[in-house]
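First comes the structure, then the notes that go with it.
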Amino acid sequence: MNRIVLSGCAALAVVTAAPALAQSSTGTVTVDAFVAPKCLFTIPSGAINIPEMSGADGKLDPSTVDGQNVTLAGWCNGTASVMYVNATPLQNIGTPGPNYDNRVDYTATALANSVSANDTSLVPGPGSEQNVGLFLGDVQVTLSNSSSPGNKLLLSGPYNATVTVTLAPAATPPAVED
Amino acid sequence: MNKILLTALAAASALAIATPAAAQTVSGVVNVTGSVADKCIVTDDGTPPSGDFGGSVNLGQLDDTDGTLKDSSVLAAAFSAAGAANLTYRIVCTTPNTKLSVNANELTTGATVTTGYANTVHYNANVQLSLVGGNQTLSNDTLLVPAGAEQTFTARLATGANNVSVTADTFRTPGASDVMLAGTYSGNIQISIAPAN
């Protein structure tokens with residue numbers, strides 16, 4: 001009898017690869033920047049003109065100086081901002097002699113953001129710093145407490161003074177006036 | 001004589017004729033199947049601060065000499081100056097379509113804002129895809145509500161060079177004359193690229 005030998009059946013093999021889940025890619029671009037603390041005067045100067053400082057007796061009439069004011073404007077963008085004032089005496093260049101004064105002293109006060117900083121011209125150098133913080137608006141400068149050294153007759157002629165208001169982004173040592 | 005004949009017959013009968021078996025093959029079949037998942041793979045990731053791809057942009061000083069925000073064109077150029085290493089990427093997706101999502105978040109600082117000041121900078125982010133057949137751009141502005149933009153493009157991402165790039169423009173503060181609050185500002189642009197069929 002013929003024998004037909006069947007060789008082993010080839011095994012049917014099915015190989016599959018299970019599909020993976022859909023996969024997206026995410027990206028991030030970070031953006032960084034800065035703004036440095038600073039201050040700026042948008043109206044940086046003004047003038048106070050006192051036509052006549054002496055009274056009928058020839059001596060200083062304080063009412064002609066006290067209350068005089070001018071408004072500057074500016075801003076500071078940081079909460080640590082400070083303001084200080086440096087006032088120089090109203091000075092006439094003439095030689096007064098023993099019976100005259102050629103100088104008028106006063107106090108200058110700057111008001112910004114409801115904070116006041118002042119300086120007296122009697123003491124060289126600026127007054128103390130005040131924390132004015134973050135503000136944007138007027139800086140009003142007002143004169144007060146005027147006096148002459150000997151309460152003498154005032155020498156005639158022009159008298160000049162400078163009130164410097166400084167806004168700084170952070171506390172700094174005040175410069176000493178020469 | 002009979003004897004001889006028998007021998008012949010015996011000899012004859014002793015002959016066994018073996019007929020060869022018929023030729024026969026068998027065959028088997030191996031079925032092989034495989035798949036490629038819907039996926040997007042990053043092959044050039046830029047310099048990502050997080051996620052799969054991305055970069056970092058430092059705009060430097062935001063404010064102008066008067067304290068307001070610098071001109072938008074200046075800031076847009078500063079953004080692009082971050083360079084290809086931060087703003088271009090290469091993504092490979094296996095699907096015929098490409099889904100893009102962009103969500104731009106404004107630059108902010110932690111300082112509390114007051115009238116006349118700004119602690120926020122808004123801008124418009126643009127993500128351009130190089131697709132088979134041409135470029136397409138999806139933009140998202142930080143002021144848009146709801147946040148984020150999404151679009152599915154009926155084309156594959158082009159192969160070869162980097163095919164995703166980012167730009168930004170229309171930088172502005174809430175009020176045009178706002179003075180910038182001091183501080184460090186940060187924001188980000190979130191991008192998602194997904195396979196789509």
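Everything numeric here is computed off the predicted structure, so don't read it as measured data.
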> So which part of Val42(B) gets closer than 4.5 Å to some heavy atom of chain A, the side chain, the backbone, both or neither?
Replying inline: both
>> Only pairs of heavy atoms separated by less than 4.5 Å count here; which of Gly60(B), Ala168(B), Gly46(B) has the most with chain A?
In response: Gly60(B)
> Do Met83(A) and Leu136(A) belong together in a cluster built from hydrophobic side chains that touch within less than 4.5 Å?
Replying inline: no
> What closest approach, in Å, do Pro49(B) and Thr30(A) show between heavy atoms, and which atom pair accounts for it?
Replying inline: CG-CG2, 3.6 Å
>> Heavy-atom pairs under 4.5 Å with chain A - which of Gly55(B), Ser56(B), Ser186(B) has more of them than the others?
In response: Gly55(B)
> Do you know the tightest heavy-atom contact between Gly78(A) and Ala182(B)?
Replying inline: CA-CB, 4.3 Å
> Cluster question for you: counting only ILVMFWY and a side-chain heavy-atom cut-off of under 4.5 Å, with indirect links fine, are Leu72(A) and Leu111(A) together?
Replying inline: no
>> If you count heavy-atom pairs within less than 4.5 Å of chain A, which of Ile41(B), Leu87(B), Asp66(B) leads?
In response: Asp66(B)
>> For Cys76(A), which atoms come within 4.5 Å of any heavy atom of chain B: side chain, backbone, both, or neither?
In response: backbone
> Are Val57(B) and Leu69(B) linked, directly or through other ILVMFWY residues, by side chains that come within less than 4.5 angstrom of each other?
Replying inline: yes
> So which of Thr79(A), Leu134(A), Leu40(A) has the largest heavy-atom pair count under 4.5 angstrom toward chain B?
Replying inline: Leu134(A)
>> Just verifying a value: how many Å separate Thr28(A) OG1 and Ile191(B) CD1, rounded to the nearest 0.5 Å?
In response: 7.5 Å
> Taking all atoms of both residues into account, what is the closest heavy-atom pair of Ala33(A) and Asn58(B), and its distance?
Replying inline: CA-OD1, 4.3 Å
>> For residues Val139(A) and Val82(A): do they belong to one hydrophobic cluster (side chain heavy atoms under 4.5 Å, members Ile, Leu, Val, Met, Phe, Trp, Tyr)?
In response: no
> Leu107(B) versus chain A, heavy atoms under 4.5 Å apart: side chain, backbone, both or neither?
Replying inline: side chain
>> So for Leu75(B), is it side chain, backbone, both, or neither that comes closer than 4.5 Å to the heavy atoms of chain A?
In response: neither
> With a 4.5 angstrom heavy-atom cut-off, which part of Thr65(B) approaches chain A: side chain, backbone, both or neither?
Replying inline: backbone
>> With chain A as the partner, which of Val166(B), Asn188(B), Asp63(B), Thr184(B) has the greatest number of non-hydrogen pairs under 4.5 Å?
In response: Asp63(B)
>> Please classify the contact of Thr109(B) with chain A as side chain, backbone, both or neither, using a heavy-atom distance under 4.5 Å.
In response: neither
> Closest heavy-atom contact between Pro195(B) and Ser24(A)?
Replying inline: CD-CA, 4.1 Å
>> Measuring from atom CG of Asn119(B) to atom CG of Asn77(A), what distance do you get when rounded to the nearest 0.5 angstrom?
In response: 12.0 Å
>> Is there a path of hydrophobic side-chain contacts, each under 4.5 Å between heavy atoms of I/L/V/M/F/W/Y residues, joining Leu60(A) to Leu90(A)?
In response: yes
>> Does atom CZ (Phe34(A)) have a neighbourhood of more than 12 heavy atoms from anything else shown, all under 6.0 Å?
In response: yes
> Okay, side chain of Asp52(B), backbone of Thr26(A): is any donor-acceptor separation there less than 3.5 Å?
Replying inline: yes
> Highest number of heavy-atom pairs under 4.5 Å with chain A: which of Ser192(B), Gly183(B), Ala194(B), Gly54(B)?
Replying inline: Gly183(B)
>> For Lys99(B), I'd like to know if atom NZ has over 12 heavy atoms of other residues, nucleotides or ligands within 6.0 Å.
In response: no
